[in-house]
Asks: 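Before I ask anything, here is the structure I am working with.
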Number of protein chains: 2
Amino acid sequence: MRTRRAEYSESTRQALVDSAVDLFTERGYAGTSLDEVVKRARVTKGALYHHFSGKQALFEAAFARVETKAIESLTAVVTGDGEPWDAAVAALRAYVRKCLEPEYQRIIVHEAPVVMGWERWREAEEHFSFGLLRTAVQLLVDAGEIEEAPVEIMARLLFGALSAGASTIASSSDPKRTGREVEDAILRVLQGLRKK
Amino acid sequence: MRTRRAEYSESTRQALVDSAVDLFTERGYAGTSLDEVVKRARVTKGALYHHFSGKQALFEAAFARVETKAIESLTAVVTGDGEPWDAAVAALRAYVRKCLEPEYQRIIVHEAPVVMGWERWREAEEHFSFGLLRTAVQLLVDAGEIEEAPVEIMARLLFGALSAGASTIASSSDPKRTGREVEDAILRVLQGLRKK
DNA sequence: GTTTCTCGCATACCCTCGGTATGTCATGAC
DNA sequence: GTCATGACATACCGAGGGTATGCGAGAAAC
């Protein structure tokens, strides 16, 4: 039986992470002060330091929150029914759409590599979206849809291209048109890799 | 006739930018304090604030320094002699090599999008490496080597993929092997876009 | 039911660092 | 030689991350 105290504690922690996600999305890591985070969560810094060792740890919790939510929706797409090719195309589309969400783009794509450092970010991503993307590429290779290739590398290039594409769409004056162009370009690249 | 004062002033400014490049490369923007930059340049903060409106302006000067140097070497490759196809391949190779340089990777690829904000970074890159990469893609389209396509978008995806590839090489335990794999993968992608 | 313990906070404080305001002096103009 | 200017140097301030300590609500023990 879970105590009321444990419940309150967890609720406070959630509120802190929720507030951090909102503020990091809006202002970035450097532009967000811990005082604002705690104010928004209706606690004080003591509570924050009780749950997290510092600002970076809070960021990593925010990162994990956003990515956990992301892979919930992406996993079904990657491992779903249908031809491997169609599943891969659907996964890439879904990933681009995910990158268009403000919190994913700001926290995962833009801020995390710098805040966490590239290597730590890369390592974390193995268990989240990048891991899924690599699975999608692996499934294509296994199904014989594309030539044998170092899956890791191919997935890395795709990951870089997709997030660049999404950032381009997000900052476009005509996101619909840019979105179609990005999608077409990605499909062309993928088609070019396909075995005949 | 240039005065001695003007000369000293320019020398001080250079020293500040040089120091900033070194420290931003080593520690990133957030991890570099202005006191360290001025100490390394053998001046005080008054001098820094005379030449730059703040830390961000100093970063932008560092960015411009690193990119100006980068395009010096990249321009010849993009617009050099030889078949358009070969020139494009050479340009991509040269760009990956450039991304492997610690200062380019840290300041341009990792830090700038966050410090300057994605849109400001993108705008600045139009006049630097990205602009050159787009030229390379444009030359391929003009020469009929690849199908008609929105050059801007294709260049953006490539830019994202190449910098992700370079970051992967830089953090690899076997950079030589990873380097070859990245190169092969990029060539395959490019080959897949080629008109038959 | 009462007392004691624990831990989840709240508060006060400290130091670093980006930025501001003011003063000084080396250089250049006349 | 005198005066003006601008290229600095220095002192100061407040924001913000982090540390240390105290308090009290909830849980456990009796």
Side-chain angles (χ1 to χ4, degrees), chain A residues 1-63 107 111-112 114-117, chain B residues 1-24 26-63 107 111-112 114-117 120:
Chain A
M1 176 51 56
R2 200 181 194 215
T3 68
R4 193 163 283 275
R5 168 182 263 199
E7 203 169 285
Y8 292 160
S9 180
E10 180 54 33
S11 177
T12 297
R13 190 183 189 280
Q14 293 256 52
L16 284 166
V17 177
D18 287 344
S19 298
V21 168
D22 292 343
L23 289 167
F24 289 147
T25 299
E26 213 175 297
R27 305 185 183 162
Y29 181 79
T32 298
S33 71
L34 295 183
D35 281 335
E36 292 176 278
V37 174
V38 296
K39 185 177 173 190
R40 193 184 179 98
R42 291 184 292 146
V43 294
T44 65
K45 272 206 271 188
L48 191 147
Y49 281 99
H50 176 77
H51 288 280
F52 304 100
S53 58
K55 192 176 184 181
Q56 171 113 12
L58 177 66
F59 181 86
E60 295 205 1
F63 170 91
I107 292 172
E111 297 282 346
V114 174
V115 176
M116 295 162 77
Chain B
M1 175 53 55
R2 200 180 192 215
T3 68
R4 191 163 284 274
R5 166 181 266 198
E7 204 168 283
Y8 292 161
S9 180
E10 179 54 31
S11 176
T12 297
R13 191 184 188 281
Q14 294 256 50
L16 283 166
V17 178
D18 287 345
S19 297
V21 168
D22 291 344
L23 290 167
F24 288 148
E26 213 176 297
R27 306 188 181 157
Y29 181 79
T32 298
S33 72
L34 295 182
D35 281 335
E36 293 176 279
V37 174
V38 297
K39 186 177 172 193
R40 193 183 179 98
R42 291 183 294 146
V43 293
T44 64
K45 271 204 277 189
L48 191 147
Y49 281 98
H50 177 77
H51 288 280
F52 304 100
S53 59
K55 192 176 184 182
Q56 172 114 10
L58 177 67
F59 182 84
E60 296 205 3
F63 171 90
I107 291 172
E111 297 281 346
V114 174
V115 176
M116 296 163 75
R120 169 98 191 85

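Bear in mind that the values here come from a model prediction, so they are computed numbers and not experimental data. So you know, we letter chains A, B, ... as the sequences are listed, proteins then strands, and number each from 1.
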Asks: With sequence neighbours excluded, what pairs up with B:Ser11 under the side-chain hydrogen bond (donor to acceptor under 3.5 Å, both in side chains) test?
Replies: none
Asks: Could you list the residues that satisfy side-chain hydrogen bond (donor to acceptor under 3.5 Å, both in side chains) with A:Gln14, not counting sequence neighbours?
Replies: A:Arg65
Asks: Name all residues meeting the side chain to side chain contact (heavy atoms under 4.5 Å, CB included) criterion together with B:Arg40; count only those two or more places apart in sequence or in a different chain, and write none if there are none.
Replies: B:Ser19, B:Asp22, B:Leu23
Asks: Could you tell me how far apart A:Glu10 (CD) and C:dC7 (P) are, to the nearest whole angstrom?
Replies: 17 Å
Asks: Polar atom pairs between nucleotides 24-26 of chain D and protein, under 3.5 Å, N or O only, would you list them?
Replies:
{"unit_1": "D:dA25", "atom_1": "N3", "unit_2": "A:Arg5", "atom_2": "NH2", "d": "3.1"}
{"unit_1": "D:dG26", "atom_1": "O3'", "unit_2": "A:Arg5", "atom_2": "N", "d": "3.4"}

Asks: Report all side-chain donor-acceptor pairs from residues 43-52 of chain A shorter than 3.5 Å, counting only partners two or more places apart or in another chain.
Replies:
none

Asks: Among residues two or more places apart or on two chains, list those pairs meeting salt bridge (charged side-chain N to carboxylate O under 4.0 Å, His left out) that have a residue in residues 46-57 of chain B.
Replies: none
Asks: Whole angstrom is fine here: how far is it from CZ in A:Arg13 over to P in C:dC9?
Replies: 12 Å
Asks: Could you pull out the closest heavy-atom pair between B:Val21 and B:Ala62, with the gap in Å?
Replies: CG2-CB, 3.8 Å
Asks: What salt bridge (charged side-chain N to carboxylate O under 4.0 Å, His left out) pairs are there with at least one residue in residues 5-15 of chain B, not counting sequence neighbours?
Replies: none
Asks: Where along nucleotides 9-21 of chain D does protein come under 4.0 Å, by heavy atom, of base (B) or sugar-phosphate alone (S), with - for untouched nucleotides?
Replies: BB-----SBBB--
Asks: So, OP1 or OP2 of C:dA10: does either fall under 4.0 Å of a side-chain N or O from A:His50?
Replies: no
Asks: When you check the phosphate oxygens OP1 and OP2 of C:dC9, does a side-chain N or O of A:Thr12 lie under 4.0 Å from one of them?
Replies: yes
Asks: In terms of ring plane angle, is the pair B:Phe24 and B:Tyr29 parallel, tilted or perpendicular, where the classes change at 30° and 60°?
Replies: tilted
